[in-house]
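Lettering follows sequence order; numbering is per chain, from 1. Since the model is a prediction, treat every value here as computed from it, not as a measurement.
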Amino acid sequence: MFKKRHPKVGSRPGTLVIPKQSPEPRIHAIRYSPDGVTEEDITDVERMSQAFDEGAVTWIDVQGFGDRSIMKRIGEIFQMHPLLLEDVVNVPQRPKTESYTDQLLFLVRMVRRTDDDELDMEQVSMVLGKTYVLTFQERYGDVLDPVRRRIRSGKGVIRTHGPDYLAYAIADTIIDGYYPILEAIGDRLEDLEEDVVMNPTPELLRQLNQIKNRLVNLRRGVWPQREAINALVRGDFDAISDEVRIYLRDTHDHCVQTSEVAEMYREMVTGLMSTYLSSIANRTNEVMKVLTIMASIFIPLTFLAGIYGMNFEHMPELHMRWAYPAVWLTMLGTAGGMLIFFWRKGWLGR
Amino acid sequence: MFKKRHPKVGSRPGTLVIPKQSPEPRIHAIRYSPDGVTEEDITDVERMSQAFDEGAVTWIDVQGFGDRSIMKRIGEIFQMHPLLLEDVVNVPQRPKTESYTDQLLFLVRMVRRTDDDELDMEQVSMVLGKTYVLTFQERYGDVLDPVRRRIRSGKGVIRTHGPDYLAYAIADTIIDGYYPILEAIGDRLEDLEEDVVMNPTPELLRQLNQIKNRLVNLRRGVWPQREAINALVRGDFDAISDEVRIYLRDTHDHCVQTSEVAEMYREMVTGLMSTYLSSIANRTNEVMKVLTIMASIFIPLTFLAGIYGMNFEHMPELHMRWAYPAVWLTMLGTAGGMLIFFWRKGWLGR
Amino acid sequence: MFKKRHPKVGSRPGTLVIPKQSPEPRIHAIRYSPDGVTEEDITDVERMSQAFDEGAVTWIDVQGFGDRSIMKRIGEIFQMHPLLLEDVVNVPQRPKTESYTDQLLFLVRMVRRTDDDELDMEQVSMVLGKTYVLTFQERYGDVLDPVRRRIRSGKGVIRTHGPDYLAYAIADTIIDGYYPILEAIGDRLEDLEEDVVMNPTPELLRQLNQIKNRLVNLRRGVWPQREAINALVRGDFDAISDEVRIYLRDTHDHCVQTSEVAEMYREMVTGLMSTYLSSIANRTNEVMKVLTIMASIFIPLTFLAGIYGMNFEHMPELHMRWAYPAVWLTMLGTAGGMLIFFWRKGWLGR
Amino acid sequence: MFKKRHPKVGSRPGTLVIPKQSPEPRIHAIRYSPDGVTEEDITDVERMSQAFDEGAVTWIDVQGFGDRSIMKRIGEIFQMHPLLLEDVVNVPQRPKTESYTDQLLFLVRMVRRTDDDELDMEQVSMVLGKTYVLTFQERYGDVLDPVRRRIRSGKGVIRTHGPDYLAYAIADTIIDGYYPILEAIGDRLEDLEEDVVMNPTPELLRQLNQIKNRLVNLRRGVWPQREAINALVRGDFDAISDEVRIYLRDTHDHCVQTSEVAEMYREMVTGLMSTYLSSIANRTNEVMKVLTIMASIFIPLTFLAGIYGMNFEHMPELHMRWAYPAVWLTMLGTAGGMLIFFWRKGWLGR
Amino acid sequence: MFKKRHPKVGSRPGTLVIPKQSPEPRIHAIRYSPDGVTEEDITDVERMSQAFDEGAVTWIDVQGFGDRSIMKRIGEIFQMHPLLLEDVVNVPQRPKTESYTDQLLFLVRMVRRTDDDELDMEQVSMVLGKTYVLTFQERYGDVLDPVRRRIRSGKGVIRTHGPDYLAYAIADTIIDGYYPILEAIGDRLEDLEEDVVMNPTPELLRQLNQIKNRLVNLRRGVWPQREAINALVRGDFDAISDEVRIYLRDTHDHCVQTSEVAEMYREMVTGLMSTYLSSIANRTNEVMKVLTIMASIFIPLTFLAGIYGMNFEHMPELHMRWAYPAVWLTMLGTAGGMLIFFWRKGWLGR
Ligand SMILES: [Mg+2]
Ligand SMILES: [Mg+2]
Ligand SMILES: [Mg+2]
Ligand SMILES: [Mg+2]
Ligand SMILES: [Mg+2]
Ligand SMILES: [Mg+2]
Ligand SMILES: [Mg+2]
Ligand SMILES: [Mg+2]
Ligand SMILES: [Mg+2]
Ligand SMILES: [Mg+2]
Ligand SMILES: [Mg+2]
Ligand SMILES: [Mg+2]
Ligand SMILES: [Mg+2]
Ligand SMILES: [Mg+2]
Ligand SMILES: [Mg+2]
Ligand SMILES: [Mg+2]
Ligand SMILES: [Mg+2]
Ligand SMILES: [Mg+2]
Ligand SMILES: [Mg+2]
Ligand SMILES: [Mg+2]
Ligand SMILES: [Mg+2]
Ligand SMILES: [Mg+2]
Ligand SMILES: [Mg+2]
Ligand SMILES: [Mg+2]
Ligand SMILES: [Mg+2]
Ligand SMILES: [Mg+2]
Ligand SMILES: [Mg+2]
Ligand SMILES: [Mg+2]
Ligand SMILES: [Mg+2]
Ligand SMILES: [Mg+2]
Ligand SMILES: [Mg+2]
């Protein structure tokens with residue numbers, strides 16, 4: 001279900017709506033250059049303005065929006081446009097790329113599996129400046145630890161590039177996170193494929209509906225990302241160097257592929273649902289056949305028995321010696337005839 | 001249901017068709033500048049021409065079209081093109097942006113919930129001039145009080161901007177009004193999701209159909225708005241300053257998001273409807289199973305009882321001592337056999 | 001059903017196929033300028049070339065194509081391209097705008113309700129020249145009388161504009177004619193909405209199918225018009241002045257709106273059809289419940305009665321004093337048990 | 001079913017795959033100018049190079065590809081690109097227009113009705129050179145005789161135009177051939193519309209499926225033609241004169257119209273299919289009602305009769321004088337009650 | 001099911017994920033010019049750099065990625081961008097064309113039938129350099145032997161063209177491989193068409209679902225190829241000569257045609273599935289008719305027999321001489337009446 005924090009209708013643009021249950025902001029800064037890395041937990045928001053360094057890239061990660069005054073202060077320190085700050089805080093927004101003077105806003109949708117096997121989708125907002133990347137997340141925790149490790153270890157090229165590469169690395173990592181989720185759904189579908197024919201319970205239908213809703217959500221998270229990233233690849237924004245654009249091309253590929261796979265899975269779920277309906281119809285047909293066969297065989301016989309259970313005085317058959325066996329023979333004949341009839345119809349022997 | 005006041009076929013362009021039950025026009029003017037605000041209820045339409053002031057922004061709000069001569073006179077005072085005035089009065093038109101000499105026409109669809117929980121959609125027409133914004137509404141009441149309060153209080157930037165910002169503020173407030181409506185529908189769908197499997201009554205189907213029609217209406221209200229606002233964002237019209245275009249970009253985002261959510265909900269309703277059909281089929285299947293089991297067990301037994309209810313003279317079994325218990329045993333055996341058969345088929349035990 | 005007069009396969013381009021039952025041509029000319037109006041029924045086709053006047057606009061309306069030689073002669077007099085004339089006569093063509101040297105061909109689809117409540121669609125072809133508009137209709141009668149009255153009365157601006165305005169007025173009037181048709185369909189759908197749940201007869205389904213086909217036809221009539229009119233609005237053709245282009249923008253709006261409404265209604269019909277299917281399934285379910293309840297209660301009781309109708313010599317129960325009432329009690333108990341079972345399943349009490 | 005001759009995977013480009021059962025090539029040349037016409041059956045392929053004449057248009061028609069060496073030799077004589085010749089011979093290709101040095105390849109799909117009322121679709125390939133048109137057809141026979149007659153008779157403008165007009169005339173004639181086919185399908189659908197409600201047999205469903213497949217095939221044949229012809233109309237190719245482009249505009253209209261009609265019919269078939277399903281459900285419902293009414297009335301009565309057929313010694317009712325008529329009254333009352341119940345449910349009297 | 005090897009979330013760009021079960025790389029080089037061909041199995045990867053020759057084209061084919069260090073070394077020798085190498089190894093990627101400095105990456109999806117009649121889809125990656133084409137395949141074996149034979153034999157034009165023609169020949173051969181697969185599916189569908197009406201078993205539905213999934217997979221393999229090849233045809237990349245672009249146009253045609261055929265077959269499967277559902281409903285209807293007829297005829301008769309099986313003392317009919325035959329007559333009459341009723345309803349006689 002789509003749950004959007006929306007400000008009271010008619011609020012001033014830039015009105016922040018802190019998501020309920022969003023915890024206190026935790027601010028962490030990583031400053032790196034080819035020469036080294038320094039990290040700092042920023043507890044006093046005013047220190048943020050001193051977290052920078054000429055000739056270094058600074059990644060400031062803000063997790064939790066639970067203190068309105070801090071969020072507003074961050075907006076002031078980094079001279080963010082009120083609408084930019086609103087998009088960061090009033091989650092979820094549609095993934096997009098938007099340029100402001102000196103800053104590029106880049107919204108992506110992160111997906112993770114929760115402990116009780118639900119999907120947790122969270123907006124990660126990046127503000128890309130000349131020498132820094134700010135990231136904002138509504139809740140603690142993310143999938144970005146590998147990026148942090150790459151910075152700390154200095155392996156790969158990340159420390160030798162600018163903040164645009166860092167933004168790429170973050171977006172790429174988030175999009176990569178869609179693959180294991182989709183893979184798990186694919187495995188689940190493979191399992192359900194058999195059940196739908198063999199064991200079509202209402203519970204199964206409920207599960208299919210649930211998977212379908214998840215796929216719709218996933219696709220809605222990744223689909224607008226395509227366009228957002230494509231705008232960067234095309235070179236609409238100066239803040240992205242040509243070299244990083246080649247890297248973003250790769251991320252764009254993955255957006256396209258994941259949304260295609262989500263779409264394909266969704267069609268499969270639709271197919272399974274209609275198979276489910278067919279299976280029910282089939283089963284009703286089976287049930288009806290059993291009833292029809294049983295009733296069609298015994299109802300005439302019972303009628304015959306009923307005839308000779310009548311108490312009329314003048315029923316000559318009752319006194320004939322071979323009448324009883326003759327009735328049995330007639331009955332067996334009738335039953336046999338019905339069986340042959342059903343056999344020919346293909347209703348017996350399945 | 002789409003209810004459009006349309007002029008008699010072949011009327012002259014500019015023919016006004018006053019909506020039935022549209023009340024007497026109430027005209028209210030708010031004139032503001034960074035220095036202050038003055039308000040006035042305009043009872044004599046001729047006073048409208050004097051409501052302006054150099055160096056101030058004037059918002060004249062006309063609610064109710066119930067007096068043709070007043071509407072025509074307003075058109076004359078503001079030198080509106082007859083087709084512009086027609087679009088304002090002959091509601092609903094498709095949301096759009098259209099430029100005329102010196103004026104920009106901007107139609108948006110406002111949605112509110114009525115007291116009896118219906119959706120009330122109403123066209124709000126804005127005419128944006130050099131120093132003024134005219135708004136027109138078919139009925140009294142709207143969602144724009146927060147905008148009026150912002151003007152009066154002088155908080156935020158609204159008093160320091162021109163009429164283009166006012167037009168933005170009005171459009172933005174109207175679009176924001178879609179969120180609580182969609183949220184309520186989303187909550188309702190969440191409730192219905194369970195009922196559809198557990199309690200699939202025709203009444204439920206009626207409700208789903210109703211929700212679907214509402215979503216179609218909402219989407220039809222907001223979808224063409226996207227294009228209308230995008231034209232402003234792209235800068236097709238001079239009357240909109242660059243700064244306000246950045247604000248309109250935010251409103252555009254919300255149009256896209258609300259129409260996507262409406263679309264997503266509509267797909268969910270479609271899914272629920274097909275689940276409903278499956279549930280009915282499932283229930284019929286259940287009913288048939290009960291019938292088949294009962295009939296298949298007792299019909300053969302009744303036949304057996306019928307046999308020994310026959311009155312033939314020569315039925316040796318009737319005189320055997322153990323025949324009666326033997327028949328009972330046979331019957332129990334038959335019934336047991338049927339039960340095992342049904343158990344194996346999985347028709348028992350749920 | 002689509003009924004197109006098509007020439008024999010392989011005919012020369014320009015081959016005219018007079019629609020069957022198209023009556024004798026009736027030709028009527030209206031010549032007007034700001035100063036006055038003169039009208040004339042033209043009985044001799046050769047007089048057409050003298051119907052013109054410098055400084056005046058002439059509207060020549062041809063109704064009925066039932067005389068090939070007259071149609072050909074008109075083509076010669078006005079120097080029409082053979083393909084233009086073919087498009088005029090071999091109706092219906094797809095609505096379109098097409099330019100020829102000195103002439104603009106403008107095809108629109110007119111819709112009217114017939115006396116027996118059917119839709120009557122007819123192509124109205126306009127040939128727009130420097131000082132004239134020719135209109136062609138397959139059958140007598142149209143919705144254009146209001147335009148004629150506006151010319152005669154001199155009210156409005158029509159007499160002060162050129163032939164492009166006349167063409168606009170004709171097209172606009174024709175498109176306006178879609179609104180009452182759609183409104184009637186909308187009212188009809190509102191009525192059927194209840195019947196589909198309450199009284200789902202095959203006749204109802206037939207009516208829904210019929211409405212759907214009408215909507216498809218309406219949409220096919222109006223949809224290509226959008227593009228045809230848009231080409232004029234965009235200014236692709238010199239024959240349309242800037243002022244008239246503003247008027248055509250209004251007509252374009254109406255095309256878009258009517259085709260959207262037709263589309264929306266069509267979706268509603270589809271929804272009603274699937275509701276219809278659900279209703280049938282529901283009813284079958286109801287029927288089955290009644291059968292199952294009746295059969296499940298009485299079949300076991302009948303079996304019991306059958307038992308004690310057997311004629312075995314040695315059936316001790318038969319001679320017991322309380323056996324008969326005991327059987328009754330057993331039967332009532334069984335029936336009560338079944339009723340409780342069905343009650344729990346929710347099959348009783350609806 | 002789509003039957004495409006495809007070369008062995010990995011064959012060299014230009015590999016010809018002669019369609020099975022394609023007969024020996026028959027080559028016929030028509031050479032015409034405003035002054036006259038000469039025709040010739042070409043039996044020796046080498047003579048083809050001499051079939052031309054300065055100042056005349058030559059149409060060489062090749063029917064049947066059943067001799068690979070002849071086909072190859074034709075390719076050499078006319079200096080065709082190997083891929084052009086491949087497209088001509090390895091039918092069917094998608095309809096398209098493609099330019100090669102000095103030649104324009106123009107593929108269209110011809111449709112005819114066969115004697116046993118099947119659709120016969122055949123690719124007609126045109127190679128348009130400076131002074132000639134080559135046409136190629138897999139099988140003997142086509143719909144082009146009217147074009148040949150127009151050339152021979154010299155009526156119309158065909159003899160005064162170049163080969164581009166001839167190519168137009170051929171394409172136009174082929175597209176015109178779709179109309180009678182569609183008309184026949186439309187008539188058939190009108191007939192089936194009633195049967196689907198009144199007489200929904202599986203045979204009917206088979207016929208609907210067959211019509212649907214035909215419509216899909218027709219649409220696949222004509223849809224890509226639109227783009228192919230539009231490319232010519234737009235003037236992408238020099239070989240087409242401005243005048244002929246106006247003629248092709250007409251053919252383009254017909255492509256659009258026929259594909260729209262095919263699409264509309266396809267939607268109607270889909271509608272009929274779902275009506276068919278509804279009809280079946282309706283009929284099952286009817287059947288069930290009869291069963292339920294019969295069973296619900298007689299099963300309780302039979303039970304009652306069973307009660308008094310029991311052989312208990314102590315059944316006081318058996319000895320009462322009015323018991324028998326009382327039972328009859330009870331039975332009639334029960335039956336009457338049931339009938340009233342069913343009447344109220346609306347199950348009787350349909 | 002979509003099975004994508006994806007690197008651990010957050011890995012560095014360029015991280016290679018060797019597909020499980022991908023065997024040891026086998027490297028084969030073919031070097032050819034108009035003058036001759038030399039071939040070589042390259043066992044030491046370092047020799048690759050010497051496999052080239054000025055004035056010759058070299059095709060190096062790498063099958064199997066099962067040795068990470070070799071794959072990395074190949075990347076270094078050919079100075080591949082890390083992302084290019086990642087796309088080659090981390091299969092499947094979406095088919096695409098991408099340019100890097102001095103190299104063009106061209107991904108296509110190859111399809112083959114496996115021995116147990118499954119579809120085997122495999123990515124073939126081509127890296128097109130100035131004088132060479134590198135191809136990469138995850139598993140041994142491909143459909144490219146005909147291309148190798150054409151090089152060796154020197155027939156056709158392949159040896160006289162550059163590496164761009166070789167890339168074309170490979171892509172063309174792979175796309176050609178879709179035709180026999182589609183043909184087999186088409187034949188299968190033709191067979192199933194009858195079964196669906198005659199013998200609608202759940203097994204059949206399973207097969208239809210399987211075919212549908214295959215068609216979806218095929219279409220997903222070939223659809224993005226269209227765009228990839230079209231980019232080459234349009235001339236976006238210098239590495240492709242004008243002459244080869246004409247050849248690629250042919251391959252593009254085949255991509256369009258195969259994806260259209262796959263789409264058409266998919267629609268046919270959908271149609272068959274809904275026919276299947278109709279068939280089941282039809283069969284249930286048939287079953288119900290038999291039951292209803294049997295029950296409706298015999299239940300009233302059994303009731304009648306039950307009446308005269310009652311043991312009341314005072315039942316005058318029991319003692320009448322003609323009562324028994326009269327009952328028989330009544331019964332025959334009732335049965336006859338029911339039969340006529342059913343006959344009129346059309347339930348008998350088929
Ligand atoms: Mg806002
Ligand atoms: Mg969204
Ligand atoms: Mg987080
Ligand atoms: Mg990635
Ligand atoms: Mg998987
Ligand atoms: Mg990649
Ligand atoms: Mg059903
Ligand atoms: Mg109007
Ligand atoms: Mg609208
Ligand atoms: Mg209002
Ligand atoms: Mg807003
Ligand atoms: Mg909600
Ligand atoms: Mg925003
Ligand atoms: Mg023609
Ligand atoms: Mg049409
Ligand atoms: Mg008429
Ligand atoms: Mg109008
Ligand atoms: Mg209405
Ligand atoms: Mg259409
Ligand atoms: Mg208007
Ligand atoms: Mg080939
Ligand atoms: Mg094709
Ligand atoms: Mg032929
Ligand atoms: Mg034609
Ligand atoms: Mg035409
Ligand atoms: Mg990666
Ligand atoms: Mg893919
Ligand atoms: Mg391989
Ligand atoms: Mg090929
Ligand atoms: Mg085939
Ligand atoms: Mg080709």
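Contact of A:E194 with chain E is not made at all, since no heavy-atom distance falls under 4.5 Å. With a threshold of 4.5 angstrom between heavy atoms, A:F298 does not approach chain E through any atom at all. For A:N311, the parts lying under 4.5 angstrom from a heavy atom of chain E are both the backbone and the side chain. For A:Y178, no part lies near chain E; criterion is any non-hydrogen pair under 4.5 Å. With a 4.5 Å cut-off on non-hydrogen atoms, A:E263 does not touch chain E at all. Both the backbone and the side chain of A:I246 come within less than 4.5 Å of a heavy atom in chain E. Interface residue E:Y276: only side-chain heavy atoms are found under 4.5 Å from chain A. Within the 4.5 angstrom heavy-atom criterion, atoms from both the backbone and the side chain of E:I280 approach chain A.
Heavy-atom pairs under 4.5 Å with chain A were tallied for E:I297, E:V290, E:I293, E:L277; the largest tally goes to E:V290. The greatest number of non-hydrogen atom pairs below 4.5 Å with chain E, out of A:A295, A:G177, A:P180, A:A169, is found for A:P180. When each of E:R206, E:M315, E:H81 is scored by its heavy-atom pairs under 4.5 Å with chain A, the top score falls to E:H81. Most heavy-atom pairs under 4.5 Å with chain A: of the set E:R321, E:R283, E:M320, this distinction falls to E:R321. Chosen from A:T275, A:V157, A:V143, the residue pairing most often with chain E at heavy-atom distances under 4.5 Å is A:T275. Of the listed residues (E:L291, E:N199, E:V287), the one with the most heavy-atom contacts under 4.5 Å to chain A is E:V287.
A heavy-atom distance below 4.5 Å is not found between the side chains of E:V9 and A:Y179.
Here E:K96 contributes atom NZ and A:Q257 contributes atom CD; the two are 9.5 Å apart, rounded to the nearest 0.5 Å. With rounding to the nearest 0.5 Å, the separation of NZ in A:K155 from CZ in E:R12 is 6.5 Å. Note: A:D253 CG to E:Q93 CD = 6.5 Å, rounded to the nearest 0.5 Å. Atom NE2 of A:H314 sits about 9.5 Å away from atom CH2 of E:W322, to the nearest 0.5 Å. Atoms CG and CG, from A:L304 and E:L301 in turn, are 11.0 Å apart once rounded to the nearest 0.5 Å. For the atom pair CG (E:N209) and CD (A:E193), the distance works out to 6.5 Å, reported to the nearest 0.5 Å.
The shortest heavy-atom contact between A:P146 and E:G10 is CB-O, 3.5 Å. When every heavy atom of E:M294 is checked against every heavy atom of A:I299, the shortest pair comes out as O-CG2, 4.4 Å. The minimum heavy-atom distance between A:R150 and E:P13, with the atom names listed, is NH2-CD, 3.3 Å. Listed here is the closest heavy atom pair of A:S278 and E:L205: CB-CD2, 3.6 Å.
Atom CD of E:E76 has more than 12 neighbouring heavy atoms from other residues, nucleotides or ligands inside a 6.0 Å radius.
Chain A is approached within less than 4.5 Å, heavy atom to heavy atom, by E:V327, E:W328, E:M331 from residues 327-335 of chain E, ordered by number.
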